[in-house]
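Only heavy atoms go into these numbers, but all of them, side chains included; no hydrogens, no water, no symmetry mates.
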Amino acid sequence: MKNDRLIIYGKNAVAELLNSDRLHSVNALYVQKGAKHLGEYIALAKKAGITVKEVSAEKLDSLSDGNRNGGLATALSSVEYSSVEEILGASANPFILIADGIEDPHNLGALIRTAEAAGVNGVIIQKRRCVQITSAVYSASAGAAAHMKIARVNNLTETIKELKSNGVWIYGAEADGTAYTEVNISKKDGKVALVIGSEGRGLSRLVRENCDFVISIPMYGKINSLNASVSGAILMFYFAEKGGGRD
């Protein structure tokens, strides 16, 4: 499945893309004219047969919408989405992250970056009420999106039911849930999905009702919640430690 063309900018994001198996989607590498420190990126692009174009700093600023770009950017012809079946088939005991209504591109990008580092096999997002894989999301993931299977679905509740029918245990993160340290996931068969809700509303009602467990992160200070990507990071690495990591 494919989405519209997008621009990837920033050294980390571009480097990960050029070192991924998705080079066939890269139309061109744009490098700042006269830059002396971008030889390794140019070499990677030329080795893959990707066109290299020298452009002005102003052109790069335009391509990256004024964001920090490190002097280079790539143009992708499409974003390649995976299917839920492909994610389930990626491991005998898949570890899945589900984004329920995440609207901030930096939060979704950070979640994808952590997911890749924590051994998650795939990420599932909604086609509606959730930010899609944009340039900002891709760059916020520091290029991790190039290595991650990401599926878009129409109905998150139905997808969760499909996962459960395939033996996946669903854990939803919510402020009023059971402390995650009190939930023993190691006795399960290892097929797990962690659901992180939206920044303001948390888990949607039907998603929460279809979770096997609702878990929380104990708060010891004066605030009562954490940023969605921070919460996701804590829980993903806990699950990875307990055996949910990628095979």
Side-chain angles (χ1 to χ4, degrees), residues 10 12-13 67-68 94-126 128-134 136-145 147-148 150-151 153 156-157 159-160 163 168-186 188 192-246:
N12 287 339
N67 293 297
R68 183 179 297 177
F95 180 18
I96 301 166
L97 175 69
I98 301 173
D100 178 15
I102 301 293
E103 298 175 342
D104 185 291
H106 295 94
N107 267 340
L108 182 57
L111 282 167
I112 293 171
R113 181 178 184 177
T114 302
E116 204 288 323
V120 168
N121 296 102
V123 176
I124 298 174
I125 64 174
Q126 296 165 287
R128 296 181 297 168
R129 296 186 295 277
C130 181
V131 66
Q132 305 301 290
I133 305 304
T134 63
V137 169
Y138 204 107
S139 294
S141 79
H147 304 291
M148 180 59 62
I150 301 173
V153 299
L156 208 53
T157 303
T159 298
I160 287 173
L163 293 175
V168 180
W169 293 86
I170 312 296
Y171 296 79
E174 195 65 281
D176 62 350
T178 302
Y180 72 93
T181 51
E182 296 178 12
V183 178
N184 183 9
I185 70 165
S186 61
K188 306 303 179 187
V192 297
L194 172 65
V195 190
I196 301 295
S198 69
E199 295 84 353
R201 299 182 299 275
L203 299 176
S204 56
R205 180 179 61 83
L206 289 176
V207 165
R208 176 170 178 148
E209 288 177 0
N210 281 277
C211 288
D212 295 302
F213 304 93
V214 177
I215 58 176
S216 66
I217 299 171
M219 298 287 108
Y220 301 105
K222 295 181 179 179
I223 61 170
N224 61 7
S225 65
L226 294 171
N227 174 283
S229 62
V230 174
S231 297
I234 293 170
L235 294 172
M236 277 187 272
F237 274 99
Y238 179 77
F239 275 53
E241 180 186 349
K242 294 296 183 180
R246 187 183 303 140

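- Shown here for Val214 and Cys211, the closest heavy-atom pair between the two residues is CG2-CB, 4.4 Å.
- Looking only at side-chain heavy atoms (C-beta outward), Leu226 and Ile234 come within less than 4.5 Å of each other.
- Residues Leu163 and Ala193 come closest through the heavy atom pair CD1-CB, 4.4 Å.
- Within the 4.5 Å cutoff, the side chain of Leu111 has no heavy atoms near those of the Val123 side chain.
- What you find for Pro218 and Ala179 is that their closest heavy atoms are CG-CB, 3.8 Å.
- Residues passing the salt bridge (Lys or Arg N to Asp or Glu O under 4.0 Å) test with Arg201, sequence neighbours excluded: Glu103.
- In this structure, Ala99 and Leu108 approach most closely via the heavy-atom pair CB-CD1, 4.2 Å.
- Checked against Leu235 for a side-chain contact (heavy atoms from CB on, under 4.5 Å), the options Ile217, Thr114, Leu97, Val195 give a single hit: Ile217.
- Between Ile124 and Val153 the shortest side-chain heavy-atom distance falls below 4.5 Å.
- With rounding to the nearest 0.5 angstrom, the CD1 atom of Ile170 is 15.0 Å from the CZ atom of Arg208.
- When every heavy atom of Pro94 is checked against every heavy atom of Asn121, the shortest pair comes out as CA-OD1, 3.4 Å.
- Atom NZ of Lys242 sits about 10.0 Å away from atom OH of Tyr180, to the nearest 0.5 Å.
- Of all heavy-atom pairs between Leu203 and Gly197, the closest is CD2-N, 3.8 Å.
- Considering only heavy atoms from C-beta on, Leu194 comes within 4.5 Å of Met236 through its side chain.
- A side-chain donor-acceptor contact under 3.5 Å links Ser204 and Asp100.
- In this structure Ala110 satisfies the side chain to side chain contact (heavy atoms under 4.5 Å, CB included) test together with Ser229, sequence neighbours excluded.
- With values rounded to the nearest 0.5 angstrom, Thr159 atom OG1 is found 9.0 Å from Gln126 atom CD.
- Considering CD1 of Ile98 and SG of Cys130, their distance stands at 11.5 Å, rounded to 0.5 Å.
- A heavy-atom distance below 4.5 Å is not found between the side chains of Ile96 and Val192.
- Under the 6.0 Å cut-off for aromatic ring centres, Tyr171 and Phe239 qualify, their centroids lying closer than that.
- Put simply, the side chain of Tyr138 does not reach to within 4.5 Å of the side chain of Ile112, judged on heavy atoms.
- Contact of the Val131 side chain with the Asp104 side chain is not registered, since no non-hydrogen atoms from C-beta on lie closer than 4.5 Å.
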